[in-house]
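Scroll down for the structure; my scribbles are underneath it.
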There are 2 protein chains.
Amino acid sequence: MQRMTRQRSAVTELLADVEDFRSAQQLHELLRGQGNGIGLATVYRTLQSLADGGEVDVLRTGDGEALYRRCERREHHHHLVCRRCGATVEIDGPTVETWAAQVGAAHGFTEIEHTIELTGTCARCAAEGP
Amino acid sequence: MQRMTRQRSAVTELLADVEDFRSAQQLHELLRGQGNGIGLATVYRTLQSLADGGEVDVLRTGDGEALYRRCERREHHHHLVCRRCGATVEIDGPTVETWAAQVGAAHGFTEIEHTIELTGTCARCAAEGP
DNA sequence: CCAGCGTTTGACAACGGTTATCACGACTCC
DNA sequence: GGAGTCGTGATAACCGTTGTCAAACGCTGG
Ligand SMILES: [Zn+2]
Ligand SMILES: [Zn+2]
Ligand SMILES: [Zn+2]
Ligand SMILES: [Zn+2]
């Protein structure tokens, strides 16, 4: 059903190399830069399809832009992202998982979902100073 | 520094009445509907200034739209929002506050911030069925 | 290997929420 | 009341994202 085209594999290979969360437009720029001509719309479509399949994680910046990242673990997890350089650590939070479920149930809510993202300044960036 | 104009008080009064998170455009519609003529740009500006002053909370929907709400408590807190009707409960989470700080520190990150939002179906909506 | 056909692509236009512009009006202070 | 300041609002611009649709492509069965 899903065909493997030159463009689709270019995107997945690029995502395998990139460590941090990147926007669709950044990824498009990178692909163009490395000679892999590809349409912007195709990048968006591919990322969306990968996200739907759970192959990449999506998170939204404060101003609504979507960032994508190919994470190590496919199971549910959260992120600790450096606000300066974008370095990302995948977080496993059993504590908050149960907390979220309990709080939701305590107020009579069902089918609880949660969004939990951590932002900070990583050690390397903190060392550099302002 | 901040003047109290007819438009600004109209927005704050409306926010005092509205229980749930609403978008800037919804609030603009409501103001227009109740005869309070006001420009859309002014609604955006006012909401932004209120948000900067910590008088309203902002949260982003999955597709990047900003929603605003005048919350009871001005201190830091989180939200449990019904995905059907928008009913909102303010959540106090000492557990997750310390968890977030610890996890951040454990990875050498400083100045940790966190985004934590809970979504579910409230008891009333669950009773109504699909 | 090739024809046929459904899928994917990509340039471009359109969309939707938000922000910038800037002339105008309203308020303040003297 | 006049100068200076700040807020307003219609409109245009912005920017990330999605829709359009003809052409290109990848797969498969023959
Ligand atoms: Zn992840
Ligand atoms: Zn979780
Ligand atoms: Zn709140
Ligand atoms: Zn918190």
Side-chain angles (χ1 to χ4, degrees), chain A residues 1-15 18 20-53 55-69 81 83 86 115 117, chain B residues 1-15 18 20-53 55-69 81 83 86 115 117:
Chain A
M1 204 83 296
Q2 185 66 262
R3 287 185 187 171
M4 184 51 59
T5 65
R6 175 180 64 80
Q7 292 86 343
R8 190 179 180 90
S9 55
V11 171
T12 55
E13 279 168 29
L14 174 57
L15 283 171
V18 173
D20 312 334
F21 277 94
R22 291 291 160 82
S23 72
Q25 316 219 34
Q26 285 175 329
L27 295 169
H28 178 241
E29 279 299 316
L30 288 171
L31 288 167
R32 282 273 156 123
Q34 73 184 41
N36 270 315
I38 183 173
L40 179 56
T42 304
V43 176
Y44 274 107
R45 272 188 301 245
T46 307
L47 289 171
Q48 187 142 319
S49 122
L50 290 173
D52 289 348
E55 298 190 52
V56 299
D57 283 11
V58 190
L59 73 80
R60 293 251 169 200
T61 70
D63 58 318
E65 194 178 10
L67 303 181
Y68 303 85
R69 177 178 195 258
V81 183
R83 65 169 63 82
T115 303
E117 299 297 340
Chain B
M1 202 86 291
Q2 187 62 262
R3 286 186 190 166
M4 184 51 61
T5 64
R6 176 180 65 79
Q7 293 87 342
R8 190 178 178 89
S9 53
V11 170
T12 56
E13 281 168 28
L14 175 57
L15 283 171
V18 172
D20 313 334
F21 277 93
R22 291 292 160 80
S23 72
Q25 316 219 33
Q26 285 176 329
L27 294 169
H28 178 239
E29 279 298 316
L30 289 170
L31 288 166
R32 283 269 156 125
Q34 73 186 39
N36 272 316
I38 183 173
L40 178 57
T42 304
V43 176
Y44 274 106
R45 271 189 302 245
T46 307
L47 289 171
Q48 188 143 318
S49 121
L50 290 172
D52 289 348
E55 297 191 52
V56 300
D57 283 12
V58 190
L59 73 80
R60 293 253 169 198
T61 68
D63 58 318
E65 193 177 12
L67 303 181
Y68 303 85
R69 178 177 193 257
V81 182
R83 66 169 61 83
T115 303
E117 299 295 340

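Order of the sequence lines sets the chain letters (A, B, ...), proteins ahead of strands, with each chain counted from 1.
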Fill in: Stepwise side-chain contact (heavy atoms from CB on, under 4.5 Å) test for A:Thr46 and A:Gln7
CA-CA 9 Å; A:Thr46 307; A:Gln7 292 86 343; 5.6 Å; no
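Counting only residues at least two apart or in different chains, side chain to side chain donor-acceptor pair (under 3.5 Å) contacts with residues 59-68 of chain B comprise B:Thr61-B:Asp63. Judged as a salt bridge (Lys or Arg N to Asp or Glu O under 4.0 Å), the pairs with a partner in residues 21-31 of chain A (not counting sequence neighbours) are, in order, A:Asp20-A:Arg22.
Summarising the geometry, the separation between CD on A:Gln48 and C1' on D:dG19 is reported as 12 Å, rounded to the nearest angstrom. As a whole-Å value, the separation of A:Tyr44 OH from D:dC15 C1' is 9 Å. When rounded to the nearest whole Å, the span between NE2 of A:His28 and C1' of D:dT18 equals 15 Å. Between A:Arg60 atom CZ and D:dC15 atom P the separation is 17 Å, expressed in whole Å.
Qualifying salt bridge (Lys or Arg N to Asp or Glu O under 4.0 Å) partners for B:Arg69, counting only residues two or more places apart in sequence or in other chains: B:Glu90. Among residues two or more places apart in sequence or in another chain, the side-chain contact (heavy atoms from CB on, under 4.5 Å) test is passed with B:Glu13 by B:Ser9. For the side-chain contact (heavy atoms from CB on, under 4.5 Å) test, residues two or more places apart in sequence or in another chain that qualify with A:Leu15 are A:Val11, A:Leu27, A:Leu47, A:Leu50, A:Val56, A:Arg70. Taking B:Phe21 as the reference, B:His79 meet the ring pair (Phe, Tyr, Trp, His ring centres under 6.0 Å) condition, with sequence neighbours excluded. Shown here are the side-chain hydrogen bond (donor to acceptor under 3.5 Å, both in side chains) partners of A:Ser23, two or more places apart in sequence or in another chain: there are none. Annotation: side-chain hydrogen bond (donor to acceptor under 3.5 Å, both in side chains) contacts of B:Ser49 (sequence neighbours excluded): B:Arg8.
Each end of the helix from C:dC1-D:dG30 to C:dC30-D:dG1 yields a helix axis from five base pairs, and these two axes differ in direction by 30° (to the nearest 10 degrees).
Contacts between chain A and DNA chain C, taken as any atom within less than 4.0 angstrom of a protein heavy atom, begin and end at C:dG6 to C:dA11.
For the pair A:Leu31 and A:Ala10, the tightest heavy-atom approach, listed with the atom from each and the gap, is CD2-O, 3.8 Å.
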5' to 3', nucleotides 3-9 of chain D under a 4.0 Å protein heavy-atom cut-off (B base, S sugar-phosphate only, - none) gives --BBSBB
When the side chains of residues 32-39 of chain A are checked against the rest of the protein, which donor-acceptor pairs come out under 3.5 Å, sequence neighbours left out?
{"residue": "A:Arg32", "atom": "NE", "partner": "A:Ile38", "partner atom": "O", "Å": "3.3"}
{"residue": "A:Arg32", "atom": "NH2", "partner": "A:Ile38", "partner atom": "O", "Å": "2.8"}

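For A:Gln25, no side-chain nitrogen or oxygen approaches OP1 or OP2 of D:dC15 to under 4.0 Å.
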